[in-house]
Amino acid sequence: MKALMSSATAVLLAISTAAYASGGAESGGGSIMIWLFFGLVGCIIILQFVPGMTLFFGMLKGIFSEMDKKSQTTEKVRGGGN
């Protein structure tokens, strides 16, 4: 088994070559499909951001209105706040 692994490793090292990155499209401009993809991703981000912020501010409003109601109730129980 050890001999098989050694020979397999030797064969892989013998037939492997270095992978070089292609320098093909160096004109600097992207194709229209790339720009359409970026536009789609931007639309998805914006369309998810708006409802997320709406929910976030609604949550904050709910938290602070509860705190305000509790403070008003506390003042009424103590006899203050006419």
OG1-CZ distance between Thr54 and Phe49, expressed to the nearest 0.5 angstrom = 9.5 Å
Verify same cluster id: Ile32, Leu40 (apolar side-chain graph, 4.5 Å) = no
Out of curiosity, does Ile46 fall in the hydrophobic cluster containing Phe57 (side-chain heavy atoms, cut-off under 4.5 Å, transitive links)?
-> no
Is the CE atom of Met53 crowded by more than 12 outside heavy atoms at less than 6.0 Å?
-> yes
How many angstroms lie between CG in Leu4 and OG1 in Thr9, if you round to the nearest 0.5 Å?
-> 9.0 Å
About how many Å separate CE of Met33 and CZ of Phe38, when rounded to the nearest 0.5 Å?
-> 12.5 Å
Look at the side-chain heavy atoms of Ile, Leu, Val, Met, Phe, Trp and Tyr, link any pair under 4.5 Å apart, and say whether Ile44 and Val41 land in one connected group.
-> no
In terms of hydrophobic clustering (I, L, V, M, F, W, Y; side-chain heavy atoms under 4.5 Å; direct or indirect links), are Met59 and Val50 co-clustered?
-> no
